[in-house]
Each structure stands twice: as structure tokens, then as C-alpha cells.
Amino acid sequence: MRLDQLSGIVAFVKVAEAKSFTRAAAELGVAPASLSEAVKGLEERLGVRLLNRTTRSVGLTEAGAQYLDHVRPAAEDIRAAGAALREARDRPAGTLRLSLPWIAAPLLIEPLMRPFMDAYPEVRLSLIFDDSFVDIAAEGFDAGLRIGELLDKDMIGARLGGPLQMVVVGSPDYLARNGTPKRPADLAAHRCIAFALTRAISPWEFIVEGREVAFTPDACLVVNTLPLCITAAEQGLGLAFAVEGLAAPLLASGALVKVLEPFCLAYEPLHLYYPSRRLVPPKLRAFIDFVRANAHKLRI
């Protein structure tokens, strides 16, 4: 089937039902001449006349009546599908599939998952956690979540929360046994718990005398999730470099203590990113607006 044949079929069915090019054109919101050309093109491609036309009336030929019986169900399905989409266009519904880094689980998803799903019962969440970069369009995601400065240039980013403050933390027991580092250079003498997405350990970044300095620890423990870094630090295994929001409950309870505070920097905020500003799905817009409205409840 040629691409333009489909529009001809829809036009033919509408004219046959209305028994008038003028009435059918008014219902479709197009010019009668355009509708006439669409039906004429369909007849030429099929090689048969489907409608008998006079200046006063429009009627089906025998071939037209047979053709209408075959194509009307498909045309009705197309119309029904369009109506269903229009009905859902302004209502958050369907499956919202998100690609997220593991850090988003405790910072964002755990606090908001229940209230969001209560607020939007017709939205189903599909949350795929992966710290590596994902081609969200190719993998069928509605959006992804990453640190703002790491966004691809062709993506639209919606900022969620404020800058991510980094901290170095250790347990009181560890610090009592090993001393408290005063400058980033002192970390070379400490046991460190490192994060590594691949085989390469992520460096710890600091501001020293106005410039960024990177320190790659000779780690006693390497893990690929930041929450586990914090748990290991709580257990006294060493010092960890992590987002402050992740460690906030343990810092508040005194189970962890911050060190090197004057040297710790903040990273760009988390951003939800998606491919286009045009026709953002209601389910995604609802999620973005909900996170922003509840940002004060989050540790981001």
C-alpha cells in the first residue's frame, strides 16, 4: 500500500457515510476539493470507480459498496485509535520507563515512589537502574536521569533539586583509631573506600587553593554503588567520598562524621533528560512537575 492510499481510504469512507463531499469535508476540517482529489486518487490506484457523483448527490457504485464493507472496520479502528490518543493526550497514563543511576534510588525514588503512584494511579512506573550512560531513544526509555554536566548536548534537561554536595565521611571509631585528615593530601595515609563504575576507580575531587585537585585512592575496598560505600564507612572500614544527601541520616545520628569540609565541592544537580520539548507525554510532564513540587522533601 502506498503511503497516500491510506488518506484516500479514510476520505472515501467518510464521504460514503456522509453521502456528501461537503458534509464530509466539514467533519474532517478540510476543503471539499482536497477530499475529492483524495478519493479520485484512490479510484485511479484501484482502477475502479467507487462513487457516483452528480451535482446534487453522491452514491456508492457496486464496487464501492463492496470496498466499503472491507475497509470500514479498519477505518473505524483508525478513528478509534485517534480518539483514544486524544482522550489520553491531557491525562497522565500508561507506562513511564526511566533510566536511572543507582544514586537516584535513595535520593529520589524511595521518598516519592508511593506518593507519585497514589497521585497518578493510571501511570505505571518501569525503573531501570544503571550507572552507565544509556541511549534512551534506542532503548525505549521515556527519559533518563543523570548529573547535569554529563548530559548529551542534543537532550532536553529538566533540573531536579539543587547541586549535589560531596563529602568525605568516616565513623567516629575509625577516626579515633586513625586520626582525622586535615588536607586532601593526608588521605594517602588513610584506608579509603572507593566507587568504581568500571574497573577504573572514580577520583575524589576537591578544591584546594582555588583549583580542582583529583585524588585517586589506593582503596582497601572498591564497590560499584555509593550507598554501599557509606555503609562500609559506617562499619569503620575507612573513609568514603559520597553525596551528602546519601549520608544525611547517618550524619544526623552521629554514626558518620564529615571531614575535609572546606575542600569538598558540589556537582551539578540531577537532571531528567529526554529527546524533545515537542509533545512531552503527560505522564513524563506529571513526573517532572511532581518531583519539582516535592523537592523540599528530598535530600537533593
Side-chain angles (χ1 to χ4, degrees), residues 100-113 129-132 145-147 149-150 160-270 295-300:
L100 305 149
W102 279 103
I103 191 176
L107 288 183
L108 180 69
I109 299 303
E110 289 173 12
L112 293 188
M113 182 166 53
F129 291 92
D130 187 345
D131 280 324
S132 60
L145 185 74
R146 292 297 181 269
I147 293 174
E149 64 188 6
L150 301 179
L160 304 179
L164 299 177
Q165 179 62 51
M166 303 303 295
V167 291
V168 179
V169 295
S171 70
D173 174 65
Y174 173 84
L175 295 172
R177 287 184 285 110
N178 298 277
T180 300
K182 303 300 183 187
R183 299 181 61 81
D186 297 342
L187 291 170
H190 280 266
R191 293 170 61 83
C192 295
I193 301 152
F195 171 81
L197 184 57
T198 58
R199 291 187 178 183
I201 290 174
S202 296
W204 299 9
E205 296 176 320
F206 300 98
I207 297 292
V208 179
E209 296 178 353
R211 54 190 189 86
E212 266 188 40
V213 173
F215 166 75
T216 302
D218 182 14
C220 66
L221 175 65
V222 180
V223 298
N224 69 347
T225 69
L226 285 174
L228 188 54
C229 288
I230 293 168
T231 299
E234 180 196 10
Q235 294 178 1
L237 298 180
L239 300 176
F241 182 74
V243 176
E244 184 173 13
L246 289 176
L250 294 174
L251 289 168
S253 70
L256 286 176
V257 176
K258 289 188 281 187
V259 300
L260 301 175
E261 282 191 77
F263 304 98
C264 291
L265 48 69
Y267 290 140
E268 288 286 316
L270 289 172
H296 61 286
K297 302 176 184 177
L298 307 175
R299 301 193 303 269
I300 58 175

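The model shown is predicted, which means the values in this text are computed figures rather than measured ones.
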K.L.:
Who are the side-chain contact (heavy atoms from CB on, under 4.5 Å) partners of Val208, not counting sequence neighbours?
P.N.:
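Arg183, Pro184, Phe206, Val213, Phe263.
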K.L.:
Quick one: salt bridge (Lys or Arg N to Asp or Glu O under 4.0 Å) pairs with a partner in residues 224-248, sequence neighbours left out?
P.N.:
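Only Glu244-Lys258 qualify under salt bridge (Lys or Arg N to Asp or Glu O under 4.0 Å).
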K.L.:
Could you work out, with ring pair (Phe, Tyr, Trp, His ring centres under 6.0 Å) as the rule, every residue matching Tyr174, not counting sequence neighbours?
P.N.:
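Applying ring pair (Phe, Tyr, Trp, His ring centres under 6.0 Å) to Tyr174 gives His190.
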K.L.:
Show me the pairs that pass salt bridge (Lys or Arg N to Asp or Glu O under 4.0 Å) and involve residues 216-228, at least two apart or across chains.
P.N.:
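The answer is none; no pair qualifies.
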K.L.:
When rounded to the nearest 0.5 angstrom, what is the spacing between CD1 in Ile147 and OH in Tyr267?
P.N.:
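If we round to the nearest 0.5 Å, Ile147:CD1 and Tyr267:OH are 7.5 Å apart.
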K.L.:
Side chains of residues 160-168: which donor-acceptor partners sit under 3.5 Å, not counting sequence neighbours?
P.N.:
| unit_1 | atom_1 | unit_2 | atom_2 | d |
| --- | --- | --- | --- | --- |
| Gln165 | NE2 | Cys264 | O | 3.4 |
| Gln165 | NE2 | Leu265 | O | 3.2 |

K.L.:
Looking only at non-hydrogen atoms, find the nearest pair between Pro101 and Phe129 and report the distance.
P.N.:
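Taking every non-hydrogen atom into account, O-CD2, 3.5 Å.
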K.L.:
To check you understand the geometry: which heavy-atom pair defines the closest contact between Gly245 and Leu107, and what is its length?
P.N.:
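Distance-wise, the nearest heavy atoms are C-CD2, 3.7 Å.
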K.L.:
Kindly compute the distance separating NZ (Lys182) from CG (Leu187), expressed to the nearest 0.5 Å.
P.N.:
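Result: 12.5 Å between the selected atoms.
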K.L.:
According to side-chain contact (heavy atoms from CB on, under 4.5 Å), who are the partners of Leu228, at least two apart in sequence or on a separate chain?
P.N.:
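In terms of side-chain contact (heavy atoms from CB on, under 4.5 Å), with neighbours along the sequence ignored, Leu228 is linked to Val223, Thr225, Thr231.
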K.L.:
Please enumerate all residues that pass side-chain contact (heavy atoms from CB on, under 4.5 Å) together with Asp173, with sequence neighbours excluded.
P.N.:
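Expected list: Ser171, Arg177.
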K.L.:
Drop me the distance from Arg146's CZ to Asp131's CG, to the nearest 0.5 angstrom.
P.N.:
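The distance works out to 7.0 Å.
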K.L.:
After noting the C-alpha distance and the side-chain angles of Leu239 and Arg191, does the key distance pass the side-chain contact (heavy atoms from CB on, under 4.5 Å) rule?
P.N.:
CA-CA 6 Å; Leu239 300 176; Arg191 293 170 61 83; over 6 Å; no
K.L.:
Less than 4.5 Å apart, any side-chain heavy atom of Leu108 and any of Leu298?
P.N.:
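Yes; the side chains approach each other to less than 4.5 Å.
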K.L.:
Could you go through residues 246-257 and list every donor-acceptor pair under 3.5 Å that involves a side-chain atom there, pairing it with any protein atom two or more places apart or in another chain?
P.N.:
| unit_1 | atom_1 | unit_2 | atom_2 | d |
| --- | --- | --- | --- | --- |
| Ser253 | OG | Pro249 | O | 3.4 |
| Ser253 | OG | Leu250 | O | 3.1 |
| Ser253 | OG | Ala255 | N | 3.3 |

K.L.:
Report the residues that fulfil side-chain hydrogen bond (donor to acceptor under 3.5 Å, both in side chains) with Asp130, sequence neighbours left out, ordered by chain and then residue number.
P.N.:
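Listed in chain order: Ser132.
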K.L.:
So, using side-chain contact (heavy atoms from CB on, under 4.5 Å) as the criterion, who are the partners of Ala194 when residues are at least two apart?
P.N.:
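With neighbours one apart ignored, the set is Ile201, Pro217, Ala219, Val222.
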K.L.:
Would a distance-only check, ignoring hydrogens and angles, find a side-chain to backbone donor-acceptor pair under 3.5 Å from Asp186 to Thr180?
P.N.:
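Absent.
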K.L.:
Between atom CZ of Phe241 and atom SG of Cys192, what is the distance when rounded to the nearest 0.5 Å?
P.N.:
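Separation between the atoms: 11.0 Å.
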K.L.:
Phe195 vs Ile103, test: side-chain contact (heavy atoms from CB on, under 4.5 Å). Steps then yes/no.
P.N.:
CA-CA 12 Å; Phe195 171 81; Ile103 191 176; over 6 Å; no
